[in-house]
S.K.: 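My questions will all concern the structure given below.
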Amino acid sequence: MPPSPDTREVILEAIELTREFDGVKALDRFSFKLHRGEVLGLLGANGAGKTTAMNCLLGLTLPTSGELNAFGLPLQANRISILQRANFSSAYTALPGNLLVWQNLLVFARIYGVPNPKKKIAELMELLEISHLSKRVTGQLSAGESTRVNLVKAFLNDPELLMLDEPTASLDPDIADKVRKVVRKVQRERNIGILYTSHNMRDIEEVCDRVIFLHKGKIVREGTPSDIVAQSSSDNLEDVFIKIARDGELLDEPKKESAV
Amino acid sequence: MNFRIISALVMRYLFLYTRSPMRLVELAFWPVLDLIVWGNVTVFIQKNTDPEFGHYVLFFLGGMILWDIMFRAQQGVAISFLEDVWTRNLLNIFVAPVRSSEYISSTFIVGFFRILITAVVLSFISWFGYAFNVFQLSWWLIPFFANLMLFGWSLGMISTALILRWGLAAESLAWAIPFLFQPVVAVFYNVEDMPAWSQPIAWCFPPTYIFEGMRSVMKSGTMNWNYLGYAAALNILYLALAGWLFVWVLNLTRKRGLLTKFATQ
């Protein structure tokens, strides 16, 4: 029996999104829907098109063709109002290193128009167990501390749509576990739709409701993490990832016989 | 435009300056050194030439101070942008609900405060050190100041657009671009004393009218009002062109996917 269609509101939608760089397609007719309250993982090897997709979705790069909508509105024409309801965190961007943590967070709280910003910052810092970092210089934080400060920034405006680009990259297993749990907790409590990229399959299995595997800009697998493993000849998601990264053509692979 | 967002961005620069005293020192360091060199040259010439010529030499000091106002205004815009690039914060700003007009406006405000600080320091030192009172320009100072600041903002937007397009490889343009104009805007000499071929070029830029006006005010206490009108009209034109260029380049970098390179530079 086919899975029943998701009836939740679509908050982010890409339709036939294509992005070319010098004639090379980084994204090739990429389509997907993200529903409210859903965590969608975007997976693929380096160069598969994840970052290009994320950049298009954030409005940093314009697609060569195709359509992008968020909250039912065309992204490009409604960029500011959409970004007001969204947020982003990446392991590869930083908040100004020479400011104190609270100063950076206060600036972004004011940009997003957060009511009672100091209280909100204190609450989020407590949630992420970094209240003690408030008066530290941002540039002197460890990778784990910095990631959690970035997450506070990402949760500041109570986003309905959150894009997390490798949020656990370079974190030790303990901190990565804490980050995953907090993301999942906040996501469930606030019914946030999250687009999540990671190379850590444990992240994906724990956090994502559904995943999309990209290879050379095209979707080669889509489904829940457990379904994808079940439909492949692999034993776990990491093996599926490696096979897709190496040959990418898993779509034609025969489904694994169910064990009796 | 949302003033809450502009004030948040200005607050960020305020935090930055208060956290980094060296940045405040830099606002005064080069201008003060320039002033001391020009001041000493002025005193030397005054002592060794006839008094009438010695009076004219004061134009150097006036020119130097007003030039620095324009340069600092340009720096306010270009360096504020570079601060975001250097701290890898640019993407955080561009994925926040910040319009380019709000971003640029915040750099204008920062530029205004930068030149205010520089102008106060220079006025003080030139008065006490070299008996040159910049306030002898009286109320003319306000339109002079405003017009040079507007042209500095235009140059700042042009510098920023070029850095956006070519990345940090073009970083040095943030300092170099104003000096492209220095030889032709008659900072230290009259337009009529410039080579004939360069005089029409000089009149194309607002600062020329201001520096000519400054010398006229210092000489006779008055200036040609038309000069202020031409300077203001040209400034409106240059601001519009620079703003268009900035937005066009920003859209181009989005189209070509170049904006994201600032995350890794």
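Naming: A, B, ... by sequence-line order, numbering from 1 per chain.
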S.K.: Which residue pairs pass the salt bridge (charged side-chain N to carboxylate O under 4.0 Å, His left out) test when at least one of the two sits in residues 125-140 of chain A, sequence neighbours left out?
M.R.: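 Found A:E129-A:K178, A:R136-A:E145.
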
S.K.: Please, which pairs that meet salt bridge (charged side-chain N to carboxylate O under 4.0 Å, His left out) have at least one residue in residues 115-124 of chain B, sequence neighbours excluded?
M.R.: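 Every pair satisfying salt bridge (charged side-chain N to carboxylate O under 4.0 Å, His left out) with a residue in residues 115-124 of chain B: there are none.
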
S.K.: Decide if atom CZ of B:F179 counts as having more than 12 heavy atoms of other residues, nucleotides or ligands within a radius under 6.0 Å.
M.R.: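 Atom CZ in B:F179 is packed in, count exceeds 12.
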
S.K.: What's the spacing between A:N98 CG and B:F15 CZ if we round to 0.5 Å?
M.R.: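 Reported value, rounded in 0.5 Å steps: 12.5 Å.
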
S.K.: Once you round to the nearest 0.5 Å, how far does CZ of A:F88 lie from CG of B:N92?
M.R.: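 The CG atom of B:N92 is 7.0 Å from CZ of A:F88, to the nearest 0.5 Å.
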
S.K.: Checking heavy atoms, do the side chain of A:F108, its backbone, both or neither come under 4.5 Å from chain B?
M.R.: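 For A:F108, side-chain heavy atoms alone lie under 4.5 Å from chain B.
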
S.K.: Do A:V137 and B:R19 come close enough that some side-chain heavy atom pair is under 4.5 Å?
M.R.: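 They are in side-chain contact.
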
S.K.: Nearest 0.5 Å, please: how far is CD1 in B:I5 from CD1 in A:I80?
M.R.: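 Between A:I80 CD1 and B:I5 CD1, I get 7.0 Å after rounding to 0.5 Å.
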
S.K.: For A:L60, run the side chain to side chain contact (heavy atoms under 4.5 Å, CB included) check against B:T253, B:L91, B:L90 and tell me which one passes.
M.R.: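 So, applying the side chain to side chain contact (heavy atoms under 4.5 Å, CB included) to A:L60 and each of B:T253, B:L91, B:L90, only B:L91 qualifies.
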
S.K.: For the CD atom of A:Q103 and the CG atom of B:L14, what is their distance to the nearest 0.5 Å?
M.R.: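 So the gap between those two atoms works out to 9.0 Å.
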
S.K.: Which bit of A:I82 is near chain B, if near means a heavy-atom gap under 4.5 Å: side chain, backbone, both or neither?
M.R.: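 Contact with chain B is absent: no heavy atom of A:I82 under 4.5 Å.
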
S.K.: Using side-chain contact (heavy atoms from CB on, under 4.5 Å) as the criterion, list what pairs up with B:S126, not counting sequence neighbours.
M.R.: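 Testing B:S126 for side-chain contact (heavy atoms from CB on, under 4.5 Å), a comparison that skips the adjacent residues, returns B:L35, B:I65, B:F132.
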
S.K.: Can you check whether B:R12 reaches A:I111 side chain to side chain, under 4.5 Å on heavy atoms?
M.R.: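 No. Closest side-chain heavy atoms not under 4.5 Å.
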
S.K.: CZ/B:F94 to CG/A:L83 distance, rounded to the nearest 0.5 angstrom?
M.R.: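 That separation rounds to 12.0 Å.
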
S.K.: For chain B, which candidate among A:G59, A:G97, A:A26, A:A109 shows the most heavy-atom pairs at distances under 4.5 Å?
M.R.: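 Highest number of heavy-atom pairs under 4.5 Å: A:G59.
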
S.K.: Sort A:R85 into side chain, backbone, both or neither according to what part of it lies under 4.5 angstrom from a heavy atom of chain B.
M.R.: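 Neither part, no heavy atoms under 4.5 Å.
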
S.K.: Check A:R110 against B:R4 and note the closest heavy-atom contact, atom names and distance.
M.R.: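 Minimum heavy-atom separation between A:R110 and B:R4: O-NE, 2.7 Å.
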
S.K.: Hey, is CZ on B:F113 packed in by over 12 heavy atoms from elsewhere, all under 6.0 Å?
M.R.: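 Incorrect, the count does not exceed 12.
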
S.K.: Can you see which heavy atom on A:Y112 is nearest to which on B:P97, and at what distance?
M.R.: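 Heavy atoms only, the tightest pair is CE2-CD, 3.2 Å.
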
S.K.: Mind checking which of residues 99-111 of chain B sit less than 4.5 Å from chain A, heavy atom to heavy atom?
M.R.: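 The list, in residue order, reads B:R99.
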
